[in-house]
Protein chains: 2
Amino acid sequence: MIDVARRAGVGLGTVSRVVNGGHGVRDETAQRVRKAIDELGFQRNEVARALRPGKKSSSLALVLGDLTNPFFASIAKASLEVAGQSGFAVVLGSVDEDPEGEKRAIQELVSRQVAGLMIVPDQGDHSFLAGAGVPVVFVDRPATGLDADIVMVDNEGGGRLAAAHLLAQGHRRIAILLAPSYYTTGRRLRGYRRAHREVDATVDESLVIQLPEGNAEAAEKATREVMLRADPPTAIFASTNFLTEGVLRALRELGREPAVVGFDDFRLADMLPTPVTVVASDIAELGRSAARLLLDRASGADRRPPQRIVLPCALIQRGSGERTPDSAGNRKRR
Amino acid sequence: MIDVARRAGVGLGTVSRVVNGGHGVRDETAQRVRKAIDELGFQRNEVARALRPGKKSSSLALVLGDLTNPFFASIAKASLEVAGQSGFAVVLGSVDEDPEGEKRAIQELVSRQVAGLMIVPDQGDHSFLAGAGVPVVFVDRPATGLDADIVMVDNEGGGRLAAAHLLAQGHRRIAILLAPSYYTTGRRLRGYRRAHREVDATVDESLVIQLPEGNAEAAEKATREVMLRADPPTAIFASTNFLTEGVLRALRELGREPAVVGFDDFRLADMLPTPVTVVASDIAELGRSAARLLLDRASGADRRPPQRIVLPCALIQRGSGERTPDSAGNRKRR
DNA sequence: CTGTTAGCGCTTTCAG
DNA sequence: CTGAAAGCGCTAACAG
């Protein structure tokens, strides 16, 4: 920048002013500066810029699990778009599986002076962020130990929607598969129970299945087991996109066709032999809202107490969720 | 950091040395410093650190298109992992659709002093990066105007593999769907032609279909059109995961079943009514290699001339690609 | 071994 | 309106 100043025959401060909008600089001078900038191919050093006290860099951090999960990928994409529109870059923290990994990643990001953090939290305490002086928005699930903004979907409503739909079909033995210890899991189960209460149906607790892991394999195994019982369910509610996949795999192998409803839509759901009914929400909006909120917090424009944004869920009927109880036990002809 | 120094009753330099590994500091002193660091909850400011001349920040940039495409998501995830292991963060540049968007995003990233760039380039010239003084690794396709490292899959080999497989099945009318103007497109087509030459089959040029867009909808439309011709193909080679999806949608709607081979594997490919045969490569390895190479370049450990890493493709037979020509025209019974 | 000092590139008073 | 000067937090070179 000093080169630009010399070349334009002006002071350093003037160049800075021009670069930052050019207010309070005579037009003629500004022209000269801009010319010099072009000639030298000058680009402002964002790093030095963020060194100023108080000033944070123009980057947001996004901390999430597996980008390979379309759910997370959608969030990333959407927040990236919103951030980009405001000239913010998004730094992705690498998050390993281990519980400490997330904390390490977050601290790394904080030390990079990001202007704000979007976190899809794993279990674990996040109170260490309280004194960091960085705005935080949690996505998809709240975290313990920190009262921050949170953007999520209506998990309980979605769970209720799925179960109610199956109950309305006449199902009374509805298995629910739950990924371990996610916050969302509890809420979806709650909705499932509520739907049962609303029609005076009792929940067979042996059909509430807590999986040891949140992947398709665990769901596949559990589905196999529950379907081979003497009293199998006539319907299955898979509380996660990956779980749904596992359920479908097991059912295909077994040649059974209970009703199936999944939570979260997924690519090709409509192309499977029996198109899959799901409870879906606007995941991209999750990411967009989070980024918008964070941007407002970072700029100081938003000083309200921590917000809680809840996005609605909707049922998408495609076929698998509309099977009736009597058809469920039938062994598919091959 | 100055606070830490005061609290520990040592000089600023000493604290810096401790923070950076503590070589050349008496153990006792180091202890005191570390204690002060803990008490003050001190965290090094990475931004100030990267201000040093020559020193780049400990972040890599990743520039790619749509994270919602599992192909890109895999690359992102894998490179993120590798970078994270070396203490590097990954900054994602938001890439809009427009051609200028990519350039803007890249320059933004460069101005953030990233230590290196991984770019999945869109069309357009990248020579402007030549003088940036930042190592660049292109991923999946090379860019024009810049001789940099490139990591990609064996597109031509893959295209050949797909076509050869179909030809071996007796197919002689194989449509190939190509996304517009991607580098990869040309190579895959080349492989397709080679496979034909190898068995002395001639290519019906009306079956080489250049799509106006690279999405599923365009593929769906094109498939519908080509299948409704008087002389439809008996097999279709979809040169991209999204295109494959479009092809399948069209075929389901038409109730036709030509052989289908896709390029790039995708989730649930094995769960569709007819499991889909694909030519696949290790996408994650693409991301990993890119990150590793870039890290080596950034650290100066690798001073070789630009490398060209090509990953192999393999055929995964699942059923759709093993249909024979005579079954192709049959209208599926509903 | 350890304290001091000079910047890195930029923004921001503070004078002129 | 514009130039000069003081740092931001840190590292590296240089004396002790």
Side-chain angles (χ1 to χ4, degrees), chain A residues 1-37 40-59 87 107-115 132-134 299, chain B residues 1-37 40-59 87 107-108 110-115 132-134:
Chain A
M1 183 177 260
I2 194 161
D3 297 332
V4 176
R6 264 202 289 270
R7 178 152 196 140
V10 300
L12 196 54
T14 306
V15 178
S16 175
R17 275 179 283 251
V18 171
V19 170
N20 294 293
H23 291 303
V25 178
R26 214 192 328 160
D27 230 32
E28 191 196 60
T29 317
Q31 290 300 330
R32 228 174 40 242
V33 173
R34 265 190 281 273
K35 182 150 162 287
I37 289 179
L40 266 52
F42 167 80
Q43 264 205 268
R44 175 171 62 189
N45 182 330
E46 287 293 332
V47 171
R49 188 162 199 239
L51 195 56
R52 235 65 245 307
K55 280 266 177 190
K56 291 291 177 177
S57 76
S58 59
S59 323
Q107 287 179 325
E108 276 260 327
L109 260 14
V110 171
S111 79
R112 284 180 163 78
Q113 313 299 110
V114 292
V134 187
S299 71
Chain B
M1 184 177 258
I2 194 161
D3 297 332
V4 175
R6 263 203 288 272
R7 177 153 194 139
V10 300
L12 194 53
T14 306
V15 177
S16 175
R17 274 179 285 250
V18 171
V19 170
N20 293 295
H23 291 302
V25 178
R26 212 194 327 161
D27 231 34
E28 191 196 60
T29 317
Q31 289 302 328
R32 224 167 51 236
V33 173
R34 264 191 281 273
K35 183 151 162 286
I37 289 179
L40 267 53
F42 168 80
Q43 265 205 267
R44 175 172 61 190
N45 182 331
E46 287 293 330
V47 172
R49 191 164 196 237
L51 195 55
R52 239 65 244 308
K55 279 270 178 188
K56 292 290 178 179
S57 76
S58 59
S59 323
Q107 287 180 323
E108 276 260 326
V110 171
S111 78
R112 284 180 163 78
Q113 313 298 111
V114 293
V134 188

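A quick note: this is a predicted structure, and the numbers were derived from the prediction, not measured. Lettering follows sequence order; numbering is per chain, from 1.
Among the heavy atoms of the strands, none lies under 4.0 Å from A:V47.
Rounded to an integer number of Å, the gap from A:N45 CG to D:dC10 C1' is 14 Å. To the nearest angstrom, P of D:dG3 lies 14 Å from CZ of A:R6. The CG atom of B:L51 sits 6 Å away from the C1' atom of C:dG9 (whole-angstrom rounding). In this structure, the NE2 atom of B:H23 is 13 Å from the P atom of D:dA12, given to the nearest Å. Atom CZ of A:R112 and atom P of D:dC8 are 23 Å apart (whole Å). What separates CD of B:E28 from C1' of C:dC1 is a distance of 12 Å, to the nearest Å. Atom CD1 of B:I2 and atom P of C:dT5 are 12 Å apart (whole Å). The distance from atom CD1 of A:I37 to atom P of C:dC10 is 10 Å, rounded to the nearest whole Å.
When all heavy atoms of A:V4 and A:L40 are compared, the pair lying nearest together is N-CD2, 3.8 Å. Minimum heavy-atom separation, B:V114 to B:S57: CA-OG, 3.7 Å. Shown here for B:R112 and A:S59, the closest heavy-atom pair between the two residues is NE-OG, 3.4 Å.
By the 4.5 Å heavy-atom criterion applied to side chains, B:T29 and B:V18 are not counted as neighbours. With contacts defined as side-chain heavy-atom distances shorter than 4.5 Å, the pair A:N20/A:R44 qualifies.
Side-chain N/O atoms of A:T29 include one lying less than 4.0 angstrom from OP1 or OP2 on D:dT2.
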Practice prompt. Indicate for each nucleotide in nucleotides 11-16 of chain C, in 5' to 3' sequence, whether protein heavy atoms under 4.0 Å reach the base (B), only the sugar-phosphate (S), or nothing (-).
Written response: BB----

Worksheet item: Do B:R6 and B:I2 pass the side chain to side chain contact (heavy atoms under 4.5 Å, CB included) test, and can you show the C-alpha distance, the side-chain angles, and the key distance before you say yes or no?
Response: CA-CA 6 Å; B:R6 263 203 288 272; B:I2 194 161; 4.2 Å; yes

